[in-house]
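One structure is given below, encoded as structure tokens.
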Amino acid sequence: RNEHIKNKIKPALKENSIVICDRFTDSTLAYQVFGKKINKNFINNVHKYILENIKPDLTFVLTVNINKALKRINSRKKKNRYDKFSKKFYENVQRSFIKIAKKNKKRYFLIDNSKDSPEVEKIIFNKFIKIFNK
């Protein structure tokens, strides 16, 4: 994440570009702190050091039925290290994303992604455009 911020995000923000990431600090909290039980203060200090007050203006949290998520994971040809955890791990991670999102409803949008529908992309795009145009 440090390299990504230093080499991509900061230069883009200096040019007043819009930056879109598929994962950021909330993912670290959900996966590392709530999923893998890494010390939250440690993660917060790392974020404070590398982010220098950079934070998202808008975050979409895609929720999914855990059994559906596990079927999706199992159908992947290539799996990463996060694709091999227990159902309990994924339940903890999703609960933590929802908890994080509910603390700041102006920045977060919870979207159910259980149906494998292209509608989710439209919902995200339309919410982004609505907020961007403000």
Side-chain angles (χ1 to χ4, degrees):
R1 175 146 310 127
N2 188 41
E3 286 182 26
H4 188 231
I5 290 175
K6 188 168 67 173
N7 298 330
K8 299 286 183 185
I9 294 175
K10 283 183 182 179
L13 292 175
K14 283 181 184 175
E15 294 176 9
N16 290 320
S17 296
I18 295 172
V19 177
I20 299 174
C21 297
D22 65 344
R23 288 175 190 84
F24 205 59
T25 56
D26 297 326
S27 294
T28 305
L29 286 174
Y31 279 88
Q32 304 300 326
V33 174
F34 298 106
K36 295 178 86 179
K37 308 298 184 205
I38 293 176
N39 182 281
K40 186 177 182 180
N41 288 331
F42 173 73
I43 297 297
N44 286 339
N45 285 330
V46 170
H47 283 161
K48 187 184 280 188
Y49 176 75
I50 65 173
L51 294 176
E52 297 176 10
N53 295 320
I54 293 173
K55 63 182 179 181
D57 296 315
L58 176 63
T59 300
F60 296 99
V61 176
L62 304 181
T63 61
V64 66
N65 172 283
I66 295 299
N67 291 325
K68 177 83 169 185
L70 291 172
K71 284 181 184 176
R72 289 177 184 171
I73 289 169
N74 289 329
S75 70
R76 292 181 187 158
K77 291 179 183 170
K78 281 190 169 184
K79 292 183 178 45
N80 65 43
R81 63 189 169 123
Y82 289 101
D83 294 340
K84 299 172 186 172
F85 290 110
S86 69
K87 181 177 180 177
K88 181 90 171 135
F89 173 85
Y90 297 113
E91 289 170 341
N92 287 340
V93 168
Q94 181 159 265
R95 261 194 308 277
S96 66
F97 271 118
I98 293 167
K99 184 178 175 181
I100 292 166
K102 287 185 175 181
K103 286 183 180 179
N104 185 349
K105 293 180 181 178
K106 289 182 180 180
R107 177 165 79 90
Y108 292 89
F109 292 94
L110 290 167
I111 301 169
D112 183 5
N113 191 30
S114 296
K115 295 182 182 175
D116 290 325
S117 169
E119 286 299 309
V120 171
E121 292 174 21
K122 291 178 187 172
I123 291 167
I124 291 170
F125 180 77
N126 289 335
K127 288 203 183 274
F128 172 79
I129 292 300
K130 183 178 177 182
I131 289 173
F132 179 75
N133 285 330
K134 286 183 181 179

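Atom set for the values below is all heavy atoms of this structure, side chains included, hydrogens, waters and symmetry mates excluded. As the structure is a prediction and not an experimental result, all values here were calculated from the model.
- A donor-acceptor pair shorter than 3.5 Å can be found between the side chains of Asn67 and Lys87.
- The environment of CG in Asp57 is sparse: at most 12 heavy-atom neighbours from other residues, nucleotides or ligands sit within 6.0 Å.
- The residues Arg76 and Asp83 are annotated as salt-bridged, a charged nitrogen and a carboxylate oxygen being separated by less than 4.0 angstrom.
- Considering all non-hydrogen atoms of both residues, Val64 and Asp112 come closest at CA-OD1, 4.4 Å.
- Environment of CZ in Arg95: crowded, with over 12 heavy atoms of neighbouring residues, nucleotides or ligands closer than 6.0 Å.
- Within 6.0 Å of the NZ atom in Lys37, the count of heavy atoms belonging to other residues, nucleotides or ligands exceeds 12.
- For the pair Phe97/Thr59, no side-chain contact is recorded, criterion being any heavy-atom separation below 4.5 Å from C-beta on.
- Residues in residues 40-74 take part in these ring pair (Phe, Tyr, Trp, His ring centres under 6.0 Å) pairs, two or more places apart or across chains: Phe60-Phe109.
- Under 4.0 Å is where a charged nitrogen must lie from a carboxylate oxygen, and between Lys99 and Asp26 no such pair does.
- Checked for salt-bridge contact, Lys122 and Glu119 meet the test: a charged N lies under 4.0 Å from a carboxylate O.
- The aromatic rings of Tyr31 and Phe89 sit tilted relative to each other, their planes meeting at an angle between 30° and 60°.
- The number of heavy atoms from other shown groups lying within 6.0 Å of NZ (Lys55) does not exceed 12.
- For the pair Lys8 and Glu3, the salt-bridge criterion is not met [side-chain N within less than 4.0 Å of a carboxylate O].
- Sorted by first and then second residue, the side chain to side chain donor-acceptor pair (under 3.5 Å) pairs with a member in residues 13-22 form an empty list; sequence neighbours excluded.
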